[in-house]
Amino acid sequence: MGVSRRTTLWLVAVLFCLTTTCIRGEDEAPVNEEPVREFRKGAETREFQAEVSRLMDIIVHSLYSNKDIFLRELVSNSADALDKARFVSLTNISAIGSDAETQQLPFEIKMKVDKENRVLTIRDTGIGMTKEDLVQNLGTIAKSGTAAFLEQMQKGGDLNLIGQFGVGFYSVYLVADYVEVVTKHASDDTQWVWESSASGKYAISADTEGEKLGRGTEIRIHVKEDASEYLEESKIKELVKTYSEFINFPISLWTEKTIEKEVEVDDIDADMEDKKKDETASSDGVDVEEEEVEEDKPKTKTVTETVQDWEVLNDAKALWLRPPSNVTDEEHDGFYKVLSKNPYDSPLAHSHFSAEGDVDFKSVLYLPSSLASDFYENFQSKKASLKLYVRRVFISDSFEDLLPKWLSFLVGIVDSDSLPLNVSREMLQMSEGLKVIRKKIVRKAIEMMKKLSDADVRARKGPEEDESEDEWLSKLTGKPAPEEGEKESAIEKAKEEATSKYDKFWKSYGKAVKMGLIEDQSNRRRLLSLLRFETSATDGNVTTLDEYVSRMKENQTGIYYLVGTSGTDELKRSPFVEMLVSKGYEVIFFTDPLDEYVTSHVTEYEGKTLINVSKDDLKLPENDQKEEKEKNKRASAYFKGLGSWWKKNVKDISSVRVSRRLSSAPCVVVSGKYGWSATMERIARVQALGDSDKANIMKSQRILEVNPRHPLIKEIRKQWEENPEDENLIANAKLLYESCLMESGYILDDVKSHNARILSLLGEDMKVSDLSPGEEIDYPEIKEEKKEEKKESAGEDKSAEEIEDLIKQAEEQAGHDEL
């Protein structure tokens, strides 16, 4: 195992730049509470190339709060040494060993725990180190990274930078009070031992007594008393699974297991067993007969035995490193189960790709088949299940900038060779590479969802005019079309699978996609194709924006939609869509409160403007004709006086206009172009931190549109012309406005007054002049039905039922007697 000279030359100046006030007082002794161990006899003792005791203070007390990472650092160093050995062996096999036995050593990492002596051993068969390598790599601290290191120290941010500054090996002193490094380089005949307790000195000596390694490095970690958890097999397994699960080389741990096996029994034991069986059989009253036993077949019994053996901890393969075309769907399903830790789930879709350029990385993304139940409740705090690896070494799963919030449901891996091994959060946030990775991941995730959407559309539409059934089926399934006899069932199955898969996706992730539409402007056009909704023409089925545009009338310039929260049935009956539907225009029904925000961010699609039919800027192509314009002009002049009178008495409206959108309704309340729709007003009302002043301003932008053809409107104008001060007329005008206000989806503020007017109308219709409660009347006595009669009736019914049962039983008995 080796640490490069360049990476270890970064911190020399730390030891000189750190004044005596950096860590402790000038006269204070170095921090080293552990007992100092004696070096081997005859070892060459040296001092570190600086005050390493102070460096250790930085590492242990400032740099790493998470001690677990020491194992990641050491395993990463071992993997680097193995990579180097494998690389040089490709061109020169003698570079990894002078004899056949050494050359044939497998590239691997092995760990062993000795609880009795409190030693954790990590051994690799990598390139190994010479004496000079030990001095340069483990005895010298780098100069070039000192300024950056100190800068990070002063900021006090995330200082998880030990590997980046070339001192990853020294993280071992987080858990160790003494470390031995035994190493053998293939080109060196001598096996060397480096040892230190980080007290400022280290020793190097030739290893003449220890086990011969052949090639590679063995680190013996003498674990501190307060780090005993790292002597537990379960802890080592956990750390390897977390940080080094996908290292290219096998990582094995010497473990203790209990097994069952068959062993031969001697004659005495066999006689005792036979006697015991005979006694048991006799006590049960069973005659015991002699069985013929083959003389050559020995008697055995099952015993439990404790054995020790090597257990491979990283058996999961780095699937993302393989070409996507070489990985089957079954392999992706299995890998997804490993990542998600859910053995019973399979992904809806996956995306396996690699990117090259400023940042090289490989990635595999999975779309879970179901969403976590608390995803939307904890939308802002939800942590993505995307893991960042650098050269197959796990770095973190908490880099929030790798994925936008609306995509945090994805499960996957990003593995980059371009990022530093110990990249910190601050560095990654500043990195241009992160922006490249994020952009590519988002695009690939949308492409993955788009494939599901395209398959759904293709399944619903069927083959194109110039497309054969076989071609259509192959594109839908990604497989060759079956034989003629099996084609019909295959088509039905493919249709059902494609539509149900996207339906499942949209029900789970539809809101997340809409959040993406609101937040991600750069990908808004791509996300719009994923939308699903019902319209006035789909008869309960869903459709897409592309399909809507394809059905638009020749002279139609806008995409008409209506937002509501009470379901499509109510929106279909809305007065806003009456005239549009009667003229053959299709209206989109948005039924999610989130759609109100989406439509405020999405204003056009394919050059077509999105038009909210509940707002006053609705214009139909027919209204632009000369005759229609003239008619509207005359109608507006005719109702102008009535409009002013109505506005004066209602007060909650900005104006009254003649409507060209109504068919059967007498009137409707619309919002101004920049005002709140009825749905938006409902949403604003329930917000805890809503602005009441803004709500009042928006309320004043309501517009009352009247239907000039409706009898009620004609009668109101007639009575207004006769006597505009008539109290009954004013009350009826208010009542009509309030009724239309509620039918338009708005919430009525003064419900009490509205109910009073309704009760007054009921009183008139029922000829009740005074609605005030009067005295309570004397109630006449009402004779109740006698209980005895009820019992008698019930008894009669019960007797009839019993008679029927008796007859049935007699018939069954007669049939039984015949048999």
Side-chain angles (χ1 to χ4, degrees), residues 319-320 322-333 335-336 339-340 345-355 362-371 385-386 403-404 406-414 439-464 467 470-481 490-491 493-517 520 522-533 542-547 550 605-606:
L319 172 144
W320 66 88
R322 293 160 55 188
S325 58
N326 293 350
V327 184
T328 64
D329 290 341
E330 291 74 18
E331 287 176 308
H332 274 298
D333 283 357
F335 190 63
Y336 169 75
L339 287 181
S340 65
D345 192 21
S346 295
L348 277 178
H350 67 266
S351 179
H352 184 186
F353 63 96
S354 60
K362 294 179 174 63
S363 179
V364 58
L365 305 174
Y366 294 101
L367 183 64
S369 60
S370 59
L371 198 62
S385 298
L386 192 65
L403 274 181
W406 69 272
L407 276 177
S408 57
F409 53 78
L410 290 179
V411 174
I413 277 176
V414 176
K439 184 177 180 181
K440 189 73 173 179
I441 289 175
V442 173
R443 290 281 178 89
K444 286 295 182 179
I446 295 175
E447 283 180 18
M448 176 172 58
M449 294 182 278
K450 181 76 164 53
K451 286 180 181 178
L452 290 176
S453 174
D454 292 344
D456 171 55
V457 173
R458 182 177 288 276
R460 288 189 287 105
K461 288 177 64 176
E464 302 286 347
E467 186 179 38
D470 287 353
E471 290 174 336
W472 171 81
L473 186 58
S474 296
K475 290 179 181 178
L476 185 62
T477 61
K479 302 175 182 177
I491 288 174
K493 182 180 178 182
K495 280 184 176 181
E496 173 64 24
E497 184 177 339
T499 54
S500 63
K501 187 176 284 189
Y502 195 79
D503 182 58
K504 187 176 184 179
F505 163 79
W506 185 248
K507 285 179 179 177
S508 296
Y509 301 101
K511 288 182 183 291
V513 171
K514 292 174 183 178
M515 288 300 297
L517 282 167
D520 194 346
S522 62
N523 289 298
R524 192 167 289 161
R525 174 63 185 82
R526 296 178 180 86
L527 290 171
L528 282 171
S529 62
L530 303 179
L531 286 179
R532 294 293 187 273
F533 42 78
V542 296
T543 188
T544 67
L545 280 172
D546 286 325
E547 291 173 320
S550 68
Y605 182 76
E606 296 293 346

Backbone N or O of [Y] within a donor-acceptor pair of the [X] side chain at under 3.5 Å?
{"X": "S369", "Y": "L348", "value": "no"}
{"X": "S363", "Y": "I413", "value": "yes"}
{"X": "S500", "Y": "E497", "value": "yes"}
{"X": "S529", "Y": "R526", "value": "yes"}

TODO: Name all residues meeting the salt bridge (charged side-chain N to carboxylate O under 4.0 Å, His left out) criterion together with K444; count only those two or more places apart in sequence or in a different chain, and write none if there are none.
DONE: E447
Task: Partner set under salt bridge (charged side-chain N to carboxylate O under 4.0 Å, His left out) for K475, not counting sequence neighbours - done: E467
Side-chain heavy-atom pair [X], [Y] within 4.5 angstrom cut-off:
{"X": "R525", "Y": "Y605", "result": "yes"}
{"X": "W320", "Y": "V327", "result": "no"}
{"X": "L410", "Y": "L386", "result": "no"}
{"X": "K440", "Y": "F353", "result": "yes"}
{"X": "H332", "Y": "V364", "result": "yes"}
{"X": "R443", "Y": "N523", "result": "yes"}
{"X": "L530", "Y": "Y509", "result": "no"}
{"X": "Y336", "Y": "S346", "result": "no"}

From [atom1] ([X]) to [atom2] ([Y]), nearest 0.5 Å:
{"X": "L339", "Y": "L319", "atom1": "CG", "atom2": "CG", "result": "9.0 Å"}
{"X": "S325", "Y": "H352", "atom1": "OG", "atom2": "NE2", "result": "9.0 Å"}
{"X": "I446", "Y": "L527", "atom1": "CD1", "atom2": "CG", "result": "4.0 Å"}
{"X": "T543", "Y": "L531", "atom1": "OG1", "atom2": "CG", "result": "11.0 Å"}
{"X": "S385", "Y": "L403", "atom1": "OG", "atom2": "CG", "result": "9.5 Å"}
{"X": "S408", "Y": "M515", "atom1": "OG", "atom2": "CE", "result": "10.0 Å"}

Please name the pair of heavy atoms, one in [X] and one in [Y], separated by the smallest distance, quoted to 0.1 Å.
{"X": "D333", "Y": "P347", "result": "OD1-CD, 3.4 Å"}
{"X": "A455", "Y": "L476", "result": "O-CD1, 3.4 Å"}
{"X": "A445", "Y": "L407", "result": "CB-CD1, 4.0 Å"}
{"X": "V442", "Y": "W406", "result": "CG1-CZ2, 4.4 Å"}
{"X": "S354", "Y": "K362", "result": "CB-CG, 3.7 Å"}
{"X": "W472", "Y": "A459", "result": "CZ2-CA, 4.0 Å"}

TODO: Please identify each residue that fulfils side chain to side chain contact (heavy atoms under 4.5 Å, CB included) with T544, with sequence neighbours left out.
DONE: V457, R460, R532, D546, E547
Task: Stepwise side-chain contact (heavy atoms from CB on, under 4.5 Å) test for M448 and L452 - done: CA-CA 7 Å; M448 176 172 58; L452 290 176; 5.9 Å; no
- [ ] Evaluate the ring planes of F505 and Y502, with Trp represented by its six-membered ring, and classify them as parallel (under 30°), tilted (30 to 60°) or perpendicular (over 60°).
- [x]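 F505 and Y502: tilted rings.
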- [ ] Could you tell me how the ring of Y366 sits relative to the ring of H350: parallel (under 30°), tilted (30 to 60°) or perpendicular (over 60°)?
- [x] tilted
Task: Carboxylate-amine/guanidinium proximity below 4.0 Å for R458 and E464 - done: no
